[in-house]
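Input: a single structure, listed below in structure tokens.
Whatever order the structure lists them in is the order used to number ligands and atoms, beginning at 1. Just so we're clear, the structure is a prediction, and the values are computed from it rather than from any experiment.
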Amino acid sequence: MTDKLKLLTPATLILDDKSYSLPTYMGVEGEKAIDITKLRSQTGYVTLDDGYGNTGACESAITYIDGEKGILRYRGYPIEELAAHSRFVEVSYLLLYGELPNSEQLLKFSTRLNESSIIHEDVHHFFNGFPRGSHPMGILATMVASLSTFYPLPDRLDAETEVQIVANLVSQVRTIAAFSYKKSIGEPLVYPSIKYKYTGNFLNMMFSSPVRDYQLDPDIVRAIDMLLILHADHEQNCSTSSVRTAGSSMANVYAVITAGIAALWGPRHGGANQEVIKMLEQIHAEGGDGTEFINQAKDKNSGRRLMGFGHRVYKNFDPRAQVLKEHCDKLLNKPGINDPLLDIARRLEEIALKDDYFISRKLYPNVDFYSGLILRAAGIPTNMFTVLFAIGRMPGWLAHWREMIHGEQVTIYRPRQIYVGETLRHYQDIKERV
Ligand code: ACO
């Protein structure tokens, strides 16, 4: 335990007629925890917490969330302030190194990102091996893992190598993302350019071609940059926990980040923004107003959920969804962007927010309900949505990895289980089996 935790009065646990004293602690925002690290050795019991919904697996100083109050802060700064005033590169520095950079630090960091954006030429051959139509998340996971072979790590990471690897990953993830898109549409790869800043560079690599200049639209650049900020960290979510789990084995950082990318891919996590659009397209194609889909989402037997609704932690509203809705109306109402899916989304939200099923379960729109619409308006194809999420989440994953490896001690993640399979039985010869 660090000295940031305040020791409280111990809790008393009565179990099998015996009394045990368990230390309790309070974090800097008043969150309280019972320390059960010695529970099994003292009592023979483990805790049962399906999906870890009630388990604090680490101490962390990166992101603070209060799901009941709809609070999200990176290193103490409210997400609303960062979204309004900051840019993704500055937020990345904040998450990674704990403080907002001064002008000199920001310039140095941005320059390093720019200089690190080109990937080893030989990596390009890999892109030729993927079949047409490969999901870009599959390509991204493979390519990030393969970087470990092009940029091998020393056994002991010195400070400069670590800073460089972090910059490589934050920068190169967008190069790989754009290359995989270009490959999927059969166009030549567009290299990163010193002319552009982080987000503009990515959009240029995605959309320009030798025969087509791409004019950066400042509203689109701003909206995508804001999306990246809103996705940059979210404390111990599924992909970040995967990063910490893989990192706790002291695997190399490329493998560790690949674990995060794999976890992010699922439709209940980062894949949800793609699923939201599929759902809206389906409703649009069927011509209904969404009532029928909502009825199906309420029916457990249908296997459907209202995608973009609900959150493990936010039980009143998702502050990221509010920021996005507020700041991005400008983009969605721009002349020329007339997306029929936007009206369907607004109608679905209106119906669901008045429906007792969603109200009683505290299900509200999450960030992904709106993010897909913004990405569509920016011309990003649906199968790239989760990749954009991964670009945004990269500094968060790396901040958690750094926090873990620089912590007092790295304990390998190894939960227990309650075994419910067959009890002891003995091997039978195949002739005796029924
Ligand atoms: N549509 C319909 N019903 C839902 C939904 C939904 N989107 N979400 C939860 N419920 C219902 C569940 O069926 C359950 O009902 P019950 O109590 O009658 O059994 C109840 O609400 C609680 O659901 P859980 O799955 O226990 O909630 P949990 O906190 O574990 O799950 C999750 C959160 C996975 C995000 C869930 O709400 C969901 O699947 N939402 C849709 C997918 C989505 O939008 N994911 C993006 C998350 S945000 C992000 O990753 C950035």
Side-chain angles (χ1 to χ4, degrees), residues 48-55 63 65-68 70 72 74 79 83 137 226-243 260-280 282-283 290-325 345 348-375 382 385-397 400:
L48 190 55
D49 184 18
D50 196 14
Y52 306 144
N54 212 27
T55 294
T63 289
I65 297 178
D66 181 331
E68 275 68 37
L72 169 61
Y74 296 161
I79 192 66
M137 280 300 276
M226 186 176 295
L227 259 181
L228 299 179
I229 292 175
L230 295 175
H231 284 99
D233 193 43
H234 215 231
E235 51 120 297
Q236 309 305 319
N237 57 86
C238 180
S239 55
T240 304
S241 304
S242 306
V243 162
I261 295 172
L264 187 74
W265 196 349
R268 290 198 179 179
H269 188 20
N273 51 14
Q274 182 171 337
E275 295 301 315
V276 170
I277 296 299
K278 274 198 215 155
M279 171 184 82
L280 297 175
Q282 190 189 333
I283 295 170
T291 314
E292 177 53 28
F293 194 96
I294 293 215
N295 287 338
Q296 288 174 7
K298 289 168 13 179
D299 175 6
K300 295 269 177 304
N301 300 320
S302 75
R304 283 195 156 159
R305 284 189 168 197
L306 184 56
M307 299 313 288
F309 261 67
H311 198 274
R312 170 55 68 81
V313 179
Y314 295 120
K315 297 300 176 192
N316 277 314
F317 64 93
D318 179 342
R320 302 166 300 173
Q322 292 210 332
V323 170
L324 211 51
K325 203 175 169 188
L348 269 186
E349 183 185 2
E350 201 182 313
I351 302 172
L353 290 180
K354 287 188 194 139
D355 190 309
D356 191 52
Y357 173 94
F358 295 93
I359 296 170
S360 62
R361 288 170 179 76
K362 297 183 185 279
L363 301 170
Y364 298 91
N366 59 50
V367 65
D368 286 327
F369 193 69
Y370 303 105
S371 65
L373 292 164
I374 310 266
L375 292 170
T382 313
F385 286 6
T386 316
V387 172
L388 267 282
F389 193 154
I391 298 175
R393 188 54 57 89
M394 186 60 79
W397 288 332
H400 283 270

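- Near Met307, the atoms of ligand 1 lying under 4.0 angstrom from a non-hydrogen atom of the residue are 42 (C).
- Residue Phe389 has at least one heavy-atom neighbour below 4.0 Å for each of these atoms of ligand 1: 51 (C).
- Looking from atom 33 (C) of ligand 1 to the surrounding protein, the closest heavy atom is Arg312 N, 3.6 Å.
- Residues forming a side-chain hydrogen bond (donor to acceptor under 3.5 Å, both in side chains) with Gln296 (at least two apart in sequence, or on another chain): Glu292, Arg304.
- For OH of Tyr357, the number of neighbouring non-hydrogen atoms (other residues, nucleotides, ligands) closer than 6.0 Å is greater than 12.
- For Thr382, there are no side-chain hydrogen bond (donor to acceptor under 3.5 Å, both in side chains) partners, not counting sequence neighbours.
- Listed by atom number, the atoms of ligand 1 under 4.0 Å from Gly308 heavy atoms are 43 (C), 44 (O).
- Counting non-hydrogen atoms of other residues, nucleotides and ligands closer than 6.0 Å to CG of Asn54 gives a total of 12 or fewer.
- Among Arg393, Lys315, Arg305, the residue whose heavy atom lies nearest to atom 38 (C) of ligand 1 is Arg305.
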I'd like to know whether Glu349 forms a side-chain hydrogen bond (donor to acceptor under 3.5 Å, both in side chains) with Tyr370, so could you lay out the CA-CA distance, the side-chain angles of the two residues, the decisive distance to 0.1 Å, and finally the verdict. CA-CA 10 Å; Glu349 183 185 2; Tyr370 303 105; 2.6 Å; yes

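- For ligand 1, the atoms closer than 4.0 angstrom to any heavy atom of Arg268 are 45 (N), 46 (C), 47 (C).
- Shown here, atom 21 (O) of ligand 1 is in close reach of the protein: a heavy atom of it lies under 4.0 Å off.
- The residue Lys298 has no part lying near ligand 1, judged by heavy-atom distances below 4.0 Å.
- With a 4.5 Å cut-off on side-chain heavy atoms, Leu280 and Met307 do not count as touching.
- Looking at atom 13 (O) of ligand 1, its nearest protein heavy atom turns out to be Lys300 NZ, 3.3 Å.
- Between Phe358 and Phe309, the ring planes are perpendicular. Angles over 60° get that label, and only those under 30° would be called parallel.
- Closest to atom 3 (N) of ligand 1, if we only count protein heavy atoms, is Tyr357 OH, 2.8 Å.
- When heavy-atom distances to ligand 1 are checked against a 4.0 Å cut-off, Leu363 comes that close only through its side chain, counted from C-beta outward.
- Looking from atom 50 (O) of ligand 1 to the surrounding protein, the closest heavy atom is His269 ND1, 3.1 Å.
- Within a 4.0 Å radius of atom 10 (N) of ligand 1, the protein contributes one or more non-hydrogen atoms.
- The shortest side-chain heavy-atom distance between His231 and Asp368 falls under the 4.5 Å cut-off.
- For atom 48 (S) of ligand 1, the candidate residues are Arg304, His311, His231, Met279; the nearest heavy-atom contact is made by His311.
- Counting heavy atoms from C-beta outward, Pro319 and Tyr314 have side chains that approach closer than 4.5 Å.
- Residue contacts with ligand 1 do not include Phe369, since none of its heavy atoms lies under 4.0 Å from the ligand.
- Among protein heavy atoms, atom 40 (N) of ligand 1 sits closest to Phe309 O, 2.9 Å.
- Within 6.0 Å of atom NZ in Lys325, 12 or fewer heavy atoms from other residues, nucleotides or ligands are found, so the atom counts as exposed in its surroundings.
- In this structure, atom 49 (C) of ligand 1 lies nearest to the protein heavy atom Asp368 OD2, 3.6 Å.
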Test log, rule side chain to side chain contact (heavy atoms under 4.5 Å, CB included), inputs Leu348 and Met279: CA-CA 11 Å; Leu348 269 186; Met279 171 184 82; 3.7 Å; yes

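- Only the side chain of Arg361 comes within contact range of ligand 1, with a heavy atom under 4.0 Å; no backbone atom does.
- Remark: ligand 1 atoms within the under-4.0 Å shell around heavy atoms of Leu306 are 1 (N), 2 (C), 6 (C), 7 (N).
- Nearest protein heavy-atom contact of atom 43 (C) of ligand 1 is Ala272 CB, 3.6 Å.
- By the 4.5 Å heavy-atom criterion applied to side chains, Leu388 and Asn273 are not counted as neighbours.
- In this structure, Phe369 has its ring center at least 6.0 angstrom away from the ring center of His311.
- For atom 35 (C) of ligand 1, the closest heavy atom belonging to the protein is Gly310 O, 3.7 Å.
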